[in-house]
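Before any comments, here is the structure.
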Amino acid sequence: MMKIVKISIRELVEFVYKEGSIDARFQARSSMTIGTKLHQKLQKEYKEGDEKEVFLKGERVVEDILYQLEGRCDGIHYENEEVIVEEIKSTARRLSQMEEGSRVHWAQGECYAYLLAKEKQLTHISVQLTYIEVESEKTKSFIRTYTLEELEHMVDETLSAYNPFAYVILANQDSRLKSIPDLGFPYPVYRKGQKKLAGAVYKTVTESKSLYANAPTGTGKTISTLFPTIKAMRGKWFYVTAKTITRTVAEEALLLLERKGLSQRTITITAKDKICFKEETICQKEYCEFANGYYDRINGALLDILTHETTITRPIVESYARKHKVCPFEYSIDLSYLVDGVICDYNYIFDPKVSLKRMSGESKKKTTLLIDEAHNLVGRGREMYSAILKKSAFLEIKRMYPEQSVLKKSLAAVNKQFLRLKKEQEGDMRIELDAQLVDAVEGFVEAAEKSLGEADGDWSEGFLQLYFDALSFMRIANIYSDEHRFVITQSSNEIEVKLFCIDPSKLIKHITKSFQSSVFFSATLHPFSYYFQQLGGSEDDYRFLIPSPFEREQWQVGIHPISTRFKDRNRTLSSITRSITEAFNEYRGNYLVFFSSYIYMQEAFEEMKQESMNADFIIQEPNMKEAAREEFLNHYQGDRERPVIGFAVLGGIFSEGIDLKGDRLKGVIVVGVGLPQLNRQQEIIKDYFNERGLNGFDYAYVYPGLNKVFQSGGRLIRSEEDTGVIRLIDDRYLSPKYQSLLLEEWMDYLIIT
């Protein structure tokens, strides 16, 4: 039986012919935007009868594989009896350096020419390769003429080079499809609510819909979303999350399914700065041997790992990357396009700066998004769709490169716009985007690209960072909307401009609607209406809420009505530390105590140390490294002679994503209601939602604050056998608003006096 492989021309030729090294100077190009503009400018000059952006497709058999080829060529010219296929490429390099064009670019044009010649039954056809210099907008073209037989030979050569890779992909697909029908749930029984959640996910995926699921701690959300998604057999999936620990849980779930018979390939993407083998993350061939010649070795590395591995975790990526001497980060990105499932951070899907650019629209339509800890995506969304620039950064680069005339001119133009904004002093916030500043920043990006394109350039990390920041600013400027504000912050010697995304819901929805289906799930999508709106929910989407699988008796919940408001903190601190001591003495064991800020936590910690208690005290430090975090959590052991009381910050590294089962944790105390600090940004959020008839204070302060409380409390009961104490210290928990928002499983509380 003939095997079928469908592949785009660009994907095919880049796999076979791309060569050379990784170079950060050309990796994060604005040419996606600038290049498109230059393409369009050139295409506008086409004469009548010429065609642009022409979709071509065709088939070719090599050995026992039927290749379905397709792609969109830039242009087709008709000159007398001659047909010319044009391939256009923008470049930051000088045209004088272009002697004959890149082999990969020629191959792309030749494949398009083959498809067109077959379609129109042409015996001869020409390919024109046109380069546009970004800085000057000048062009340089090369032209070659081929017979149909020559093009057939070239296409067959290319497909033959791709064949070994195609066989591996086909074999993996075949084993995956055969393994799924008999795959069973990997546990003997479903937990309470777990089967319903799995059923809801299966229905969502098979119907290509979106689901928003509030599934409390203990439901087993990871396996309850991965298992039905895989069983639905509807293509690829991405499991996206904000936390390293939840990525590990997903890997463990996949290994469990593998032991039950599943055969599939998955990759976990680790951030570049974490997985980089070098002391500094400088992606240039002169510095890094793993970047030097990367594209010459990557195909062998891909074939090797896809032949021998299934669940490809960070250690496995690192092992094969060293073996083949390739950059481990770029290796994992290349793998992400070739495997069945990807575990990664939110930003690889949602962030316009780093999202996976090579994913085609057709590929997305066959891909399911599983969005874990979805409550975090609201805050992350605001960050990803915002951008900041500072005047001082441009002045610093101007001083560093006084001889670079074009660059100097563009930096001066940006500085001029900053000074204008300072002089105008029309308030610190505007609804409209400042077009003059955007134009100046775009001019700097173009000048920077020209400078980076010079082969002998020696550029500082500061310059590269400013280039990337300006590029990010332009990307956000291009999606700036009514949900953004143009915010200006001034001091005596600085001006900062921020494109601030207040409501990320439309941008999140814009991303997810391009995928086959999306499942947003969390233990704390509460209040549900708030998160449903902020995550882009609509009337057509499914909603799913289930109660906690645990019994209310597993919690001993107490509310101690002591004011923790800033003005009362000095007065009530002793009462709060006394409450902590009483809880510990009444129900001994290891405790986590959460505070709304480091300062407040430190004050309580110092006072608690004066108490003569049979316990050890530990405290969360700012910017803790991974080893320090592990050391903190290792104190939580059930067999300690002296229990440990750990002090941590609400919303910090210990308030979610950690799993201290059984006697490792016996009590959680939350001091305060977690309100975000009063600042200009939160006030802008408040005013925005007030203007839309919603409760702005709740949206800006109450809901985000309570989510931190719920997440911290969720550390306590992790299994059917766990029991423990939760104490909420703040008088606001007894107010009607907070009473209406408390979790159902916490409603059987005692009021502590």
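Values below: every heavy atom of this structure, side chains too, minus hydrogens, waters and symmetry copies. Quick caveat: nothing in here was measured; it's all calculated off a predicted structure.
- Residues D372 and Y239 have side chains that bring a donor and an acceptor to within less than 3.5 angstrom of each other.
- Contact check on D428 versus R680 returns a salt bridge, with a Lys/Arg side-chain nitrogen under 4.0 Å from an Asp/Glu carboxylate oxygen.
- Side-chain polar atoms of E656 and H375 form a donor-acceptor pair below 3.5 angstrom.
- Side-chain contact between V673 and Y733 is present, with at least one heavy-atom pair separated by less than 4.5 Å.
- Not a single donor-acceptor pair under 3.5 Å links the side chain of S355 to the backbone N or O of Y348.
- Dense packing is recorded around CZ of R543, with more than 12 heavy atoms of other residues, nucleotides or ligands lying under 6.0 Å away.
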>> I'd like to know whether I267 forms a side chain to side chain contact (heavy atoms under 4.5 Å, CB included) with V317, so could you lay out the CA-CA distance, the side-chain angles of the two residues, the decisive distance to 0.1 Å, and finally the verdict.
In response: CA-CA 9 Å; I267 177 72; V317 169; 3.4 Å; yes
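- Between K203 and E207 a salt bridge is recorded (basic side-chain N to carboxylate O distance below 4.0 Å).
- At a cut-off of 3.5 Å, with distance as the only test, no side-chain donor of Q739 or R732 sits close to an acceptor on the other residue.
- Ionic pairing of K509 and D541 is present here: one or more N-O contacts between side-chain nitrogen and carboxylate oxygen are shorter than 4.0 angstrom.
- Annotation: side chain of L377 is in contact with side chain of I371 (closest heavy-atom distance under 4.5 Å).
- Both the sub-6.0 Å distance and the 45° axial angle are satisfied by R569 relative to the ring of Y600.
- Here the OG1-CZ distance, from T222 to R247, works out to 12.5 Å after rounding to the nearest 0.5 Å.
- Heavy-atom contacts from other residues, nucleotides or ligands closer than 6.0 Å to NZ of K506 number 12 or fewer.
- For the pair K422 (side chain) and E494 (backbone), a donor-acceptor distance under 3.5 Å is absent.
- Ionic pairing of K686 and E683 is present here: one or more N-O contacts between side-chain nitrogen and carboxylate oxygen are shorter than 4.0 angstrom.
- Here the shortest heavy-atom pairing between L433 and A477 reads CD2-O, 3.8 Å.
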>> If you apply the rule side-chain hydrogen bond (donor to acceptor under 3.5 Å, both in side chains), what do you find for S655 with Q711, and how did you get there?
In response: CA-CA 6 Å; S655 63; Q711 282 293 324; over 6 Å; no
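- Using a 4.5 Å cut-off on side-chain heavy atoms (C-beta onward), R234 and S208 make contact.
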>> Could you go through D730 and T564, starting from their C-alpha distance and side-chain angles, then the distance that decides it, and tell me whether this counts as side-chain hydrogen bond (donor to acceptor under 3.5 Å, both in side chains)?
In response: CA-CA 6 Å; D730 197 291; T564 69; 2.4 Å; yes
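- Interatomic distance, OH of Y542 versus OG of S210, reported as 10.5 Å (0.5 Å rounding).
- Using a 4.0 Å cut-off between charged side-chain N and carboxylate O, K390 and D469 make no salt bridge.
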> When you look at R382 and Q534, which way does the side-chain hydrogen bond (donor to acceptor under 3.5 Å, both in side chains) test go after all the steps?
Replying inline: CA-CA 10 Å; R382 286 197 179 109; Q534 288 281 274; 3.1 Å; yes
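- At least one side-chain heavy atom of K737 sits under 4.5 Å from a side-chain heavy atom of D698.
- Checking T368 against Q516 by side-chain atom types alone, a donor-acceptor pair falls below 3.5 Å.
- Contact check for F394 versus L389: side-chain heavy atoms found under the 4.5 Å cut-off.
- Salt bridge present: E424 and R430 bring a charged side-chain N and a carboxylate O closer than 4.0 Å.
- Note that NZ of K498 and CD of E496 are 7.5 Å apart. Values are rounded to the nearest 0.5 Å.
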>> Y467 vs F463, test: ring pair (Phe, Tyr, Trp, His ring centres under 6.0 Å). Steps then yes/no.
In response: CA-CA 6 Å; Y467 165 65; F463 174 65; 7.2 Å; no
> Stepwise, does the ring pair (Phe, Tyr, Trp, His ring centres under 6.0 Å) test hold for F500 with H484?
Replying inline: CA-CA 5 Å; F500 176 46; H484 283 82; 8.4 Å; no
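- For E373 (side chain) and T241 (main-chain N/O), no donor-acceptor pair under 3.5 Å exists by modelled atom type.
- At least one side-chain heavy atom of N493 sits under 4.5 Å from a side-chain heavy atom of S491.
- The backbone N or O of T225 lies less than 3.5 Å from a partner atom in the side chain of T229, making a donor-acceptor pair.
- When atom types are taken as modelled, the side chain of T246 and the backbone of A242 share no donor-acceptor pair closer than 3.5 angstrom.
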>> For T270 and S332: C-alpha separation, side-chain torsions, deciding distance, then whether side chain to side chain contact (heavy atoms under 4.5 Å, CB included) applies.
In response: CA-CA 8 Å; T270 305; S332 61; over 6 Å; no
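- Side-chain contact check for L370 versus L226: some heavy-atom pair is nearer than 4.5 Å.
- Ring-centre distance between Y530 and Y699: below the 6.0 Å cut-off.
- The closest donor-acceptor contact from the side chain of N690 to the backbone of G696 lies under 3.5 Å.
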> Under the ring pair (Phe, Tyr, Trp, His ring centres under 6.0 Å) criterion, do Y212 and F544 qualify, and how do the steps go?
Replying inline: CA-CA 6 Å; Y212 294 78; F544 183 82; over 10 Å; no
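- Using a distance-only test at 3.5 Å, with no hydrogens or angles considered, no donor-acceptor pair links the side chain of N415 to the main chain of L411.
- Note that the CD1 atom of I397 and the OG atom of S410 stand 11.0 Å from one another [nearest 0.5 Å].
- In summary, the side chains of Y531 and N707 do present a donor paired with an acceptor at a separation below 3.5 Å, with no hydrogens or angles considered.
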>> Quick one, D434 with R420, criterion salt bridge (Lys or Arg N to Asp or Glu O under 4.0 Å). Give me CA distance, side-chain angles, the key distance, then yes/no.
In response: CA-CA 11 Å; D434 190 280; R420 175 184 58 80; 2.6 Å; yes
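- Counting heavy atoms from C-beta outward, F468 and K353 have side chains that stay 4.5 Å or more apart.
- For the atom pair CD (Q602) and CD1 (I599), the distance works out to 9.5 Å, reported to the nearest 0.5 Å.
- Between F350 and Y346, the ring planes are perpendicular. Angles over 60° get that label, and only those under 30° would be called parallel.
- There is a side-chain donor-acceptor pair under 3.5 Å between T268 and E251.
- Here the side chain of S522 pairs a donor or acceptor atom with the backbone of T524 at under 3.5 angstrom.
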>> Please determine whether salt bridge (Lys or Arg N to Asp or Glu O under 4.0 Å) holds for the pair R358 and D334, giving the CA-CA distance in whole Å, both sets of side-chain angles, and the decisive distance to 0.1 Å.
In response: CA-CA 10 Å; R358 283 181 276 155; D334 283 335; 2.6 Å; yes
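- Atom CD1 of residue I511 and atom CG of residue L369 lie 9.5 Å apart, to the nearest 0.5 angstrom.
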>> Could you walk me through whether F486 and E432 satisfy the side chain to side chain contact (heavy atoms under 4.5 Å, CB included) test, starting with their C-alpha distance in whole Å, then the side-chain angles of each, then the deciding distance to 0.1 Å, before giving a yes or no?
In response: CA-CA 7 Å; F486 186 82; E432 299 82 17; over 6 Å; no
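- When only modelled atom types and interatomic distance are considered, E483 and S481 share a side-chain donor-acceptor pair under 3.5 Å.
- Under the 3.5 Å distance criterion, with hydrogens and angles disregarded, a donor-acceptor pair is assigned to the side chains of S505 and D503.
- A cation-pi contact, defined as under 6.0 Å to the ring centre and within 45° of the axis, is absent between K391 and F418.
- Closest of all the heavy-atom pairs between Y738 and L675 is OH-CD2, 3.7 Å.
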